[in-house]
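A quick write-up on the structure given underneath.
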Amino acid sequence: MNKNAFEKMKNILRQILPQPVKSLIKKARILTLRGSRFYCPVCERGFRKFYEFGINPRPNAMCPGCGSLERHRLLWVALCDLQDKNLIERGAGRLLHVAPEPCLAEKFRQKYDYISIDLDGKKAMMAMDITAMTFDDNSFDAIVCNHVLEHIPDDKKAMKELCRVLKPGGWASIQVPIKGNVTQEDLSITDPKEKLRLYGQEDHVRYYGMDFIGRLKEAGFDVRSISKTDLLGTDEMERVSVALENEVILCGKIR
Ligand SMILES: [Zn+2]
């Protein structure tokens with residue numbers, strides 16, 4: 001069976017199998033992949049390999065246990081490090097999760113008074129547009145909004161909104177795909193194939209460069225960049241499998 005036929009069969013099975021059977025299959029697969037070569041700090045389990053993932057498939061990208069990708073694992077390592085050093089609050093406050101990633105949602109729910117939003121209400125606790133949020137100013141101690149802004153035409157408004165609802169002294173993880181130094185953006189481009197070619201995905205409206213940090217500062221954030229080499233040794237980087245990521249960008253709000 002070729003790879004396409006195998007993928008098609010997997011999708012059909014996904015649709016027809018009842019949820020308890022799917023959960024059992026997933027648990028069995030996780031067991032067969034247990035090992036020590038790789039470690040996921042999000043679900044705190046070891047595996048002999050991670051799944052490959054991406055439009056251009058990256059080997060050992062996705063944790064079989066919780067579905068975390070490189071960026072989730074590196075963010076989690078950075079948050080734990082900052083918490084250990086008492087540089088950010090350990091929890092107990094309110095956390096806003098935008099377009100929630102299930103692997104992180106589970107972790108944040110354990111530590112924070114947790115609220116999730118998405119433009120599509122089926123994907124979160126509430127339906128909401130981040131360019132026009134209904135929350136009061138200074139509502140949240142923490143915000144996680146990863147890989148969202150590259151989908152939003154008026155990203156400046158979205159960033160200002162995120163900054164508005166963050167409490168002074170709070171922290172925000174606002175991740176985007178970054179390539180090069182200067183953001184590539186032409187909002188007149190609507191053809192999905194052209195967007196895929198230019199921005200890496202059919203529903204992205206730009207490819208951010210490192211000037212993304214300047215955009216965050218313009219919106220009112222205080223920005224710090226934490227290099228993965230400050231968080232993990234060479235062996236740990238391989239074991240956690242974070243080759244795709246270089247740093248974690250975390251935002252604060254001074255006032
Ligand atoms: Zn995991």
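Along the sequence shown, the residues carry numbers beginning at 1. Order of appearance sets the numbers: ligands from 1, and atoms from 1 within every ligand.
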All N/O donor-acceptor pairs, side-chain side in residues 121-133, below 3.5 Å, sequence neighbours left out:
residue, atom, partner, partner atom, Å
Asp129, OD1, Thr131, N, 2.8
Asp129, OD1, Thr131, OG1, 2.9
Asp129, OD2, Thr131, OG1, 3.0

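- For the pair Arg94 and Phe140, the cation sits on the ring face: its NZ or CZ lies under 6.0 Å from the ring centre, inside 45° of the axis.
- You'll find the side chain of His97 reaches within 4.5 Å of the side chain of Phe108, heavy atoms only.
- Using a 4.5 Å heavy-atom threshold, the side chains of Glu245 and Leu74 count as touching.
- The Zn ion (ligand 1) has Cys40 SG, Cys43 SG, Cys63 SG, Cys66 SG as protein N, O or S atoms under 2.8 Å away.
- Proximity of a side-chain donor or acceptor of Ser23 to a complementary backbone N or O of Gln19 within less than 3.5 Å is detected.
- Atom CG of Asp137 has more than 12 neighbouring heavy atoms from other residues, nucleotides or ligands inside a 6.0 Å radius.
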